[in-house]
Amino acid sequence: MDSKVGADASSVKAHQCHAPVGEDGAGYYSAVTKGCFDVLKAATPRCLTACEEALHSTSVAQHPRSELFTIADYGTADAGTSLKLMRELVELARAKSGNPNLEIHLAYEDQPLNEWKSVFQHASGAKSVTTADGEVVVSPALDDENIFVTASGTGFHGQCFPSKSVDLGVSFTAMHWLSCDPGSLVGCADACHTAQSECPPAARAHHARQAAADWLKIMRARSKELKSGGRFVAVNFCVSPEGYYLGRTDEGKSMYHTFQAVWRSLHTAHGIITEEEANALSFPNYYRTEAELRAPFEDGSISDLVVESIEYRTVRCPFREAWTCGS
């Protein structure tokens with residue numbers, strides 16, 4: 001795939017596999033994805049630290065009265081779940097730079113088929129967002145002539161913004177999606193995701209090769225976009241040292257086993273789909289281990305970025321938590 005254009009058949013297929021849901025402009029993703037608000041809440045302290053580090057390291061530190069501070073949100077979906085964080089980042093950047101009128105560029109990125117209408121409604125302040133805690137959040141860009149909102153429908157596997165233009169990049173629960181669908185589990189009746197223990201080793205290895213190539217593309221693109229001294233915080237789904245991943249922790253059953261059971265029942269119990277279709281379920285994403293995340297930095301493939309820290313967090317499903325509490 002051409003990293004700048006990303007328009008070959010395989011990338012289009014992946015984009016169609018991850019098409020947005022809900023009516024255009026409805027902000028459906030933020031309305032129902034409560035867990036992402038919890039992820040953002042847990043990651044906020046690290047993002048604020050990275051913002052302050054970028055302010056002290058990039059050209060904004062030397063010229064706070066004339067420089068533009070750019071914050072890029074990769075894989076933003078409808079821009080709703082990160083809205084509160086964006087407000088906090090803007091407030092911090094202006095406070096720490098000593099310039100209450102510091103020009104801020106909020107740059108949003110997602111796939112070409114994204115639900116862009118809600119992105120601009122949320123980011124401009126035309127539409128507010130209610131967080132999982134019930135807080136109503138309005139964009140910092142509302143009635144602020146020194147905040148500028150733009151968007152790129154390029155796809156984060158390639159370069160999305162001009163070279164050396166981004167001070168702070170953030171991404172939340174997005175970069176596990178692959179640039180194309182390897183189809184590693186098509187025809188497999190025992191697993192639908194490579195994180196499952198029933199996944200055949202050859203299928204997992206095939207998926208892993210695509211994920212490694214994509215991670216290298218992602219990091220090379222960010223290394224071009226970031227200013228010298230810039231920071232990038234990626235909050236990804238992963239596989240923990242305990243073997244936990246999205247949908248499987250120390251509580252409950254594996255989410256993917258349930259997915260597969262329900263999907264197969266459409267064939268075995270209801271006859272709605274064929275056996276071939278029942279065995280064609282293969283998620284085009286991959287949960288990386290720490291070793292896989294570090295690999296391109298340790299083998300010399302990426303030499304102009306440094307990994308400062310990697311940490312694991314378990315974010316409990318808010319729907320299960322509410323159910324177990326009887327609410």
Side-chain angles (χ1 to χ4, degrees), residues 1 3 14 17-18 35-36 38-40 42-43 46-47 50 74-75 155-157 169-186 188 190-223 231-260 281-317:
M1 184 180 79
S3 62
C17 287
H18 188 212
C36 283
D38 294 336
V39 170
L40 265 291
R46 186 66 190 91
C47 293
Y74 300 89
F156 52 64
H157 296 96
V170 294
S171 181
F172 305 98
T173 65
M175 292 181 172
H176 60 299
W177 290 104
L178 303 179
S179 62
C180 62
D181 185 358
S184 306
L185 288 167
V186 172
C188 177
D190 299 320
C192 62
H193 196 283
T194 54
Q196 291 177 261
S197 59
E198 295 85 355
C199 175
R204 183 178 289 110
H206 186 232
H207 236 66
R209 285 192 292 272
Q210 181 65 53
D214 282 352
W215 186 238
L216 180 59
K217 288 180 181 178
I218 289 168
M219 288 296 99
R220 280 180 171 166
R222 305 297 81 79
S223 72
R231 298 293 192 273
F232 176 60
V233 180
V235 181
N236 290 325
F237 293 128
C238 65
V239 178
S240 74
E242 300 89 352
Y244 298 161
Y245 54 84
L246 174 66
R248 180 189 179 274
T249 60
D250 56 341
E251 295 183 359
K253 296 182 178 180
S254 164
M255 175 176 71
Y256 289 102
H257 287 87
T258 303
F259 281 169
Q260 190 173 18
L281 184 58
S282 180
F283 282 82
N285 59 43
Y286 185 83
Y287 304 148
R288 299 174 178 89
T289 64
E290 180 174 346
E292 290 170 324
L293 292 169
R294 290 187 180 275
F297 304 96
E298 295 182 347
D299 66 13
S301 299
I302 302 290
S303 58
D304 48 358
L305 293 179
V306 175
V307 178
E308 290 194 340
S309 66
I310 292 181
E311 59 184 89
Y312 296 93
R313 296 283 182 89
T314 298
V315 178
R316 299 296 181 184
C317 173

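Only heavy atoms go into these numbers, but all of them, side chains included; no hydrogens, no water, no symmetry mates.
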Participant: Between Arg46 and Glu311, does at least one N-O distance fall below 4.0 Å, as a salt bridge requires?
Facilitator: no
Participant: Might you point out which heavy atoms bring Val39 and Thr173 nearest each other, and give the distance in Å?
Facilitator: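 Result for this residue pair: CG1-CG2, 4.1 Å.
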Participant: Go through it in stages, so that I can follow the logic: the residues are His206 and Thr194, the test is side chain to side chain contact (heavy atoms under 4.5 Å, CB included), and I'd like the CA-CA distance, side-chain angles, deciding distance and then a yes or no.
Facilitator: CA-CA 10 Å; His206 186 232; Thr194 54; over 6 Å; no
Participant: Should Asp250 and Thr314 be marked as a side chain to side chain contact (heavy atoms under 4.5 Å, CB included) after you check the CA-CA gap, both sets of side-chain angles, and the distance that decides it?
Facilitator: CA-CA 10 Å; Asp250 56 341; Thr314 298; 5.7 Å; no
Participant: Taking atom types as modelled, find out whether Glu251 and Thr249 have a side-chain donor-acceptor pair closer than 3.5 angstrom.
Facilitator: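 There is no such pair between these side chains.
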Participant: Looking at Ser282 and His207, what are the two nearest heavy atoms and their distance?
Facilitator: OG-CE1, 4.3 Å
Participant: Check whether any side-chain heavy atom of Tyr256 lies under 4.5 Å from a side-chain heavy atom of Cys199, and answer yes or no.
Facilitator: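 Side chain of Tyr256 against side chain of Cys199, heavy atoms only: no contact under 4.5 Å found.
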Participant: Any chance the rings of Phe232 and Tyr74 have centres within less than 6.0 Å?
Facilitator: yes
Participant: Can you tell me if Arg248 uses its side chain to pair, donor with acceptor, with the backbone of Gly243 under 3.5 Å?
Facilitator: yes
Participant: For Phe297, enumerate each residue passing the side-chain contact (heavy atoms from CB on, under 4.5 Å) test, keeping only those at least two apart in sequence or located in another chain.
Facilitator: Trp215, Met219, Ile302, Leu305, Val307
Participant: Quick check: do Pro241 and Glu290 have side-chain heavy atoms less than 4.5 Å from each other?
Facilitator: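 Side-chain contact under 4.5 Å: no.
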Participant: Just wondering, do Pro200 and Leu185 contact through their side chains at under 4.5 Å, heavy atoms?
Facilitator: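 A side-chain contact exists here, since the closest heavy-atom pair is under 4.5 Å.
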Participant: Might you point out which heavy atoms bring Arg288 and Leu293 nearest each other, and give the distance in Å?
Facilitator: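 Shortest heavy-atom contact: CD-CD2, 3.8 Å.
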Participant: About how many Å separate CG of Asn236 and CD1 of Ile310, when rounded to the nearest 0.5 Å?
Facilitator: 9.5 Å
Participant: Checking side chain to side chain contact (heavy atoms under 4.5 Å, CB included) for the pair Cys47/Phe172: CA distance, chi angles, key distance, verdict?
Facilitator: CA-CA 11 Å; Cys47 293; Phe172 305 98; 3.8 Å; yes
Participant: CD1 of Ile218 to OG of Ser223: how many Å apart, nearest 0.5 Å?
Facilitator: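 Going from the CD1 atom of Ile218 to the OG atom of Ser223 covers 12.5 Å.
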Participant: For Glu242 and Tyr312, does a side-chain donor sit closer than 3.5 Å to a side-chain acceptor?
Facilitator: no
Participant: To the closest 0.5 Å, what do you measure between OG (Ser240) and OH (Tyr245)?
Facilitator: 11.0 Å
Participant: List for me each residue that meets ring pair (Phe, Tyr, Trp, His ring centres under 6.0 Å) alongside His176, sequence neighbours excluded, and say none if there are none.
Facilitator: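 Checked His176 against ring pair (Phe, Tyr, Trp, His ring centres under 6.0 Å); matches are Phe237, Tyr287.
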Participant: Using side-chain contact (heavy atoms from CB on, under 4.5 Å) as the criterion, list what pairs up with Gln260, not counting sequence neighbours.
Facilitator: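 Testing Gln260 for side-chain contact (heavy atoms from CB on, under 4.5 Å), a comparison that skips the adjacent residues, returns Cys192, Gln196, Arg264.
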Participant: On the 0 to 90° scale, with breaks at 30° and 60°, tag the His193-Phe283 ring pair as parallel, tilted or perpendicular.
Facilitator: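 Taking Phe283 first and then His193, their aromatic rings sit tilted (interplane angle of 30° to 60°).
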Participant: Give a yes or no answer on whether the side chain of Arg222 reaches the backbone of Phe156 with a donor-acceptor pair at less than 3.5 Å.
Facilitator: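 Checking the backbone N and O of Phe156 against the side chain of Arg222, a donor-acceptor pair under 3.5 Å is found.
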Participant: Does any non-hydrogen side-chain atom of Ser179 lie less than 4.5 Å from one of Gln210?
Facilitator: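 A side-chain contact exists here, since the closest heavy-atom pair is under 4.5 Å.
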